[in-house]
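Accompanying notes for the structure given below.
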Amino acid sequence: MASASAKQAPKITSKASAGGTGAAGVTGGPPIMPLASPLMGKKKKPFLGMPAPLGYVPGLGRGATGFTTRSDIGPARDANDPVDDRHAPPGKRTVGDQMKKNQDDDDEDLNDTNYDEFNGYAGSLFSSGPYEKDDEEADAIYAALDKRMDERRKERRELREKEEIEKYRMERPKIQQQFSDLKRKLAEVSEEEWLSIPEVGDARNKRQRNPRYEKLTPVPDSFFSKHLQTGENHTTVDPLQGVSTHLGGLNTPYPGSMTPGLMTPGTGELDMRKIGQARNTLMDMRLSQVSDSVSGQTVVDPKGYLTDLNSMIPTHGGDISDIKKARLLLKSVRETNPHHPPAWIASARLEEVTGKLQVARNLIMKGTEMCPKSEDVWLEAARLQPGDTAKAVVAQAVRHLPQSVRIYIRAAELETDVRAKKRVLRKALENVSKSVRLWKTAVELEEPEDARIMLSRAVEMPHTAMLQNEPLHQPLCLTISTYENARRVLNKARENIPTDRHIWITAAKLEEANGNTQMVDKIIDRAITSLHANGVEINREQWIQDAEECDKAGSVATCQAVIRAVIGIGIEEEDRKHTWMEDAESCVAHGALECARAIYAHALQVFPSKKSVWLRAAYFEKNHGTRESLEALLQRAVAHCPKAEVLWLMGAKSKWLAEDVPAARSILALAFQANPNSEEIWLAAVKLESENNEYERARRLLAKARSSAPTARVFMKSVKLEWVLGNIEAAQELCTEALKHYEDFPKLWMMRGQIEEQCENMDKAREAYNQGLKKCPHSVALWLLLSHLEERVGQLTRARAILEKARLKNPQSPELWLESVRLEFRAGLKNIANTLMAKALQECPNSGILWAEAVFLEARPQRKTKSVDALKKCEHDPHVLLAVAKLFWSERKITKAREWFLRTVKIEPDLGDAWALFYKFELQHGTEEQQEEVRKRCENAEPRHGELWCAESKHVLNWQKKTGEILALVASKIKNTF
């Protein structure tokens, strides 16, 4: 096909012969119309006025020959003429070079060396042919096909390229990456170790290390005096004078030799002694300027001397030439428009920045003369002038601008005495009685009695009624006034400013403070109605913020009334539940618990049958409310959602924690009626009886549950109850019966094997585990129990083989890899343990428990580097955070360790190991208050997971122990081996 780079042939046009009557002209141009004639047909030819077809040459059928005009190919140019491009590269700067290049391009290289069996010729075979429209269409089609094929393979190609780049970088890391761990170790180098590092030797040769410096000999004074007397010019010095160095530049007279004062009177000699005295005098004057007197003696501080010299330099950021330009421009502005205040202010500030404070003062005072009605100019003048002068400037400003509030405020700020401040402000209020800012400033300076009088005077002004509504003055208004006066003041304020919501909220708070809580809702409802009538948009977020402020101020009824009034404004019906839950969580985060409680109460009224809303409200009361409020809420919840088992269980647990066992039993009885044959309720009733030592009742409940609602968990709890009570035979019988029905339930096989281990029947325990693994090959816990059994009996090789088989059955299982590493480590094969850990991290690169173990497999100097790598891979994994906390603990960095422990228990409060290590840490390094806080937080979290935690909490001897007791037990068994 024709290549896209092929050049078009020059356009050929043809003209008809001179005697012909056909149209002649350029191809594509409009044909020349003949003159109107009566012989001419009335009907127009259809092709007239249309563009010529592609490749049409006029007159070609009559034998006309085509030719090319100069207008087609451009003006004639010599081969040595320069091209139009001034920046053309060498070899292309003349017309001849360009023509030669074009000819070279046109010549096709059809040599055999340029031919490839697959791709053909390297160039285009048809580059010299014309590039026509069908060629362009073909190129477009092929380009679209290439693009489509490229898009189909794009994702695969990019993925392959990414893998190749990663592989290349892994095989050939940068030097920076190779030394990254060594750079991190530099942080551990102490100052003594750093100073003890030997210096790098000097590789220069002796001549470079010890260059011969030029020796200069000072010229004595007699040399100058002699030549001044004689007036001779010499370029050398007499060797007899002891100076053999050639001194250039003495052809000219000594500079300053003719200056008066350097010659002694009556002689022509230069008095060097007086020059030295003058120099000492000048230095003494400079030092005396920066000296300070201490006990009658003058002591010079060298640092202070240098600091004072630095302060003499203007501290402006621009260049001197820029300052001169700015000064010139500002001068031009002042002269052009002398009544423009910003020009005078900018000029004064420019001089102030350059250190010319007096010039700045003079300029700004001239500005006050030219712009006497500008408030900004007067304030700038007062700022630049010193104290007493500033007062005079402000007094002059008041005469020109008697209504300026800012000038009065500045005048009050310049006064140092409180009485003088009050006098200035009262004078200001006589002239500007409608300024809220002046009234506020004046009231702040007064005593309560005088403030009451001033406030009563202020609210009489229509434009200052909002003063009563300012947050800083609301308590003052309500405390220094009686109830009736406060109501009267707020009513006046509401009449004058009917569009301000704060006045209504303040009125509601006033009624609540005086015990009229029934009026609070009415006032808030009237506020919403009034603001709507006055065209005020009700901003829901602003009202909720006001409610939070009322909550923090102790106005509970007001905040709840505000929430009820605005909670549903501006929300779509389908978004109400989601939005209200977010609002409640936001209020809890801001500490406004009553607002959150009001939101939950309103949501429960709108959605009484929503289990999720009841659960959120119940958890809120559990975390932030009292037991009575929680139980009242749960009682309402189960009435609306009787099928919600979790609500029944929360109510029963609350009663049980309050040691009200009969009430808990009655709640569970009602739950049975609402949810017959519910596994959760059966097991909760069994736990209630067993925790209160009612074992027979628990047995009967379990027997009834096995008959009416048999499940694997019910059988498991039955076996567990007999096991912990010491009835091993009954437990084994129940376990055998359960396995007949639920042989794919791994916990039953685990319990059977553990019971046999407890009875020292290792063969039966091994058989139970093996049978369980046949039925449940993907149960990691069963594989681990069998491995522990073999290790306990000394069969280390068999335990290793069991773990390898488990990893084949359950690939990418971090627990199995971790146990394999620990098995080798316990056997003393640390190298094999490190190798296994490397393989484990390759297979499970994002496993937190593996990275946490890998940190402490390293030697102490490398642990910090490993922890950094672990955090990069698993930033929010609780096991990694716990490992970092233990690392700081081992390095005795107590504060950092406590921070990381807190971060761990915040991310995963269900991890019992974190709580146990945190408690152990506080037992060693914390106070009793900190230890008690950790214990209480752990009891509230009720953790259930963790390797160390489960080993103690699920032990048969600890089945009745509380969370706090298990916490202390686990902490006591932790040893600081790390």
Item to complete: Answer yes or no: is there a side-chain heavy-atom contact under 4.5 Å between Trp851 and Asn846?
Response: no
Worksheet item: Between atom CD of Gln560 and atom CG of Asp551, what is the distance when rounded to the nearest 0.5 Å?
Response: 8.5 Å
Discussion item. Does anything in residues 678-701 form a ring-ring contact (aromatic ring centres under 6.0 Å, His included)? List the pairs, not counting sequence neighbours.
Written reply: Phe672-Trp682
Worksheet item: Which heavy-atom pair separates Pro943 from Cys938 by the least distance, and what is that distance?
Response: CD-O, 3.3 Å
Worksheet entry | Lys764 backbone acceptor or donor facing Glu756 side chain under 3.5 Å | no
Worksheet item: Side chains of Gln732 and Glu722: is there a donor and an acceptor less than 3.5 Å apart?
Response: no
Worksheet item: Should the pair Arg937-Glu922 be classified as a salt bridge under the 4.0 Å nitrogen-to-oxygen rule?
Response: no
Discussion item. Given 3.5 Å as the limit, does a donor-acceptor pair link the side chain of Asp910 with the main chain of Arg944, or not?
Written reply: yes
Item to complete: Determine whether more than 12 heavy atoms belonging to other residues, nucleotides or ligands lie under 6.0 Å from atom CD of Glu574.
Response: yes
Practice prompt. For Ala951 and His955, work out which heavy atoms get closest and say how close.
Written response: O-CB, 3.7 Å
Worksheet item: Does a side-chain heavy-atom distance below 4.5 Å link Glu952 with Lys961?
Response: no
Worksheet entry | Any residue meeting salt bridge (Lys or Arg N to Asp or Glu O under 4.0 Å) with Lys655, in chain and number order, not counting sequence neighbours | Glu631
Worksheet item: Can you list the steps and then say if Leu633 with Leu604 is a side chain to side chain contact (heavy atoms under 4.5 Å, CB included)?
Response: CA-CA 10 Å; Leu633 180 72; Leu604 291 173; 3.8 Å; yes
Discussion item. Parallel, tilted or perpendicular, judged at 30° and 60°: which one describes the rings of His925 and Trp889?
Written reply: perpendicular
Discussion item. My understanding is that only residues two or more places apart in sequence, or in another chain, count here; which of them pass side chain to side chain donor-acceptor pair (under 3.5 Å) with Asp877?
Written reply: His879
Practice prompt. Nearest 0.5 Å please: distance from the CG atom of Leu688 over to the CG atom of Leu649.
Written response: 11.0 Å
Fill in: Thr963 side chain near Asn940 side chain, heavy-atom distance below 4.5 Å
no
Worksheet item: Does a side-chain heavy-atom distance below 4.5 Å link Arg665 with Glu694?
Response: yes
Practice prompt. Taking the side chain as every heavy atom from C-beta outward, state whether Val646 and Lys611 have any pair of such atoms under 4.5 Å apart.
Written response: yes
Discussion item. Run the side chain to side chain donor-acceptor pair (under 3.5 Å) test against Glu582 and tell me which residues pass, sequence neighbours left out.
Written reply: His578
Discussion item. Given 3.5 Å as the limit, does a donor-acceptor pair link the side chain of His590 with the main chain of Ala592, or not?
Written reply: no
Item to complete: Drop me the distance from Ser953's OG to His945's NE2, to the nearest 0.5 angstrom.
Response: 9.5 Å
Fill in: For the student: nearest non-hydrogen atoms of Gly946 and Leu911, plus distance
CA-CD1, 3.9 Å
Worksheet entry | Contact check, side chains of Arg800 and Leu823, non-hydrogen atoms, under 4.5 Å | yes
Item to complete: Not counting sequence neighbours, which residues clear side chain to side chain donor-acceptor pair (under 3.5 Å) with Glu929? List them please.
Response: Thr927
Worksheet item: According to the salt bridge (charged side-chain N to carboxylate O under 4.0 Å, His left out) rule, which pairs have a member within residues 962-971, sequence neighbours left out?
Response: none
Worksheet entry | Cationic N near anionic O, under 4.0 Å, Glu689 to Arg699 | no
Practice prompt. Look at the side chain of Asn675 and the backbone N and O of Ala644, then say whether any donor-acceptor pair between them is shorter than 3.5 Å.
Written response: no
Worksheet item: Using 4.0 Å as the upper bound for N to carboxylate O, is an ion pair formed by Lys653 and Glu942?
Response: yes
Worksheet item: Would the number of heavy atoms belonging to other residues, nucleotides or ligands and lying under 6.0 Å from NZ of Lys920 be above 12?
Response: yes
Discussion item. Any side-chain to backbone donor/acceptor pair from Trp723 onto Ile755? Under 3.5 Å, distance only.
Written reply: no
Worksheet, complete the sentence: CD1 of Ile569 to CZ of Arg540, rounded to nearest 0.5 Å, is 8.5 Å
Worksheet item: Considering residues at least two apart in sequence or located in another chain, which fulfil the salt bridge (Lys or Arg N to Asp or Glu O under 4.0 Å) criterion with Glu573?
Response: Arg576
Discussion item. Looking at Glu680 and Arg713, is any side-chain nitrogen of the basic one under 4.0 Å from a carboxylate oxygen of the acidic one?
Written reply: yes
Worksheet item: So how far is it from Arg898 CZ to Phe918 CZ, rounded to the nearest 0.5 Å?
Response: 6.5 Å
Practice prompt. Applying salt bridge (Lys or Arg N to Asp or Glu O under 4.0 Å), name anything that partners Glu757, two or more places apart in sequence or on another chain.
Written response: Arg792
Discussion item. If the threshold is 4.0 Å, N to carboxylate O, is there a salt bridge linking Arg935 and Glu939?
Written reply: yes
Discussion item. I need the single residue from Glu791, Glu947, Glu815 that forms a salt bridge (charged side-chain N to carboxylate O under 4.0 Å, His left out) with Arg822. Which is it?
Written reply: Glu947
Worksheet entry | Flag if over 12 foreign heavy atoms under 6.0 Å of CD, Gln960 | yes
Worksheet item: Where do Ala916 and Ala971 come nearest, in terms of heavy atoms and distance?
Response: O-CB, 3.9 Å
Item to complete: Kindly give the heavy-atom pair with the smallest separation between Cys641 and Trp648, and that separation in Å.
Response: O-NE1, 4.4 Å
Discussion item. Check this for me: Gln635, atom CD, are more than 12 non-hydrogen atoms of other residues, nucleotides or ligands nearer than 6.0 Å?
Written reply: no
Practice prompt. Could you tell me whether the side chain of Phe888 reaches within less than 4.5 Å of the side chain of Ile894, counting heavy atoms only?
Written response: no
Discussion item. For Gly651, is there any backbone N or O sitting under 3.5 Å from a side-chain donor or acceptor partner on Ser654?
Written reply: no
Discussion item. Per the side chain to side chain donor-acceptor pair (under 3.5 Å) rule, what does the pair list look like for residues 770-787, sequence neighbours excluded?
Written reply: Glu767-Gln771, His778-Asn810
Item to complete: Kindly confirm or rule out a cation-pi arrangement of Lys886 over Phe856, judged by NZ or CZ under 6.0 Å from the six-membered ring centre and within 45° of its axis?
Response: yes
Item to complete: Look at the side chain of Lys643 and the backbone N and O of Ala674, then say whether any donor-acceptor pair between them is shorter than 3.5 Å.
Response: yes
Fill in: Summary of ring-ring contact (aromatic ring centres under 6.0 Å, His included) pairs that have at least one residue in residues 611-642, sequence neighbours excluded
Tyr600-Phe620, Trp614-His640, Phe620-His624
Worksheet item: With a 4.0 Å cut-off, would you call Arg807 and Glu843 a salt bridge?
Response: no
Worksheet item: Got a second to check how far Leu702's CG is from Met716's CE, nearest 0.5 Å?
Response: 11.0 Å
Practice prompt. Sequence neighbours left out, what passes side chain to side chain donor-acceptor pair (under 3.5 Å) with Arg766? Give chain and number order.
Written response: Asp763, Glu790
Worksheet item: If we only count heavy atoms from C-beta on, is the Ser972 to Leu969 side-chain gap below 4.5 Å?
Response: yes
Worksheet item: If you look only at pairs with a residue in residues 735-751, which of them pass as a side chain to side chain donor-acceptor pair (under 3.5 Å), with sequence neighbours excluded?
Response: none
Worksheet entry | Closest heavy-atom pair and its distance - Glu875, Leu881 | O-CD2, 3.7 Å
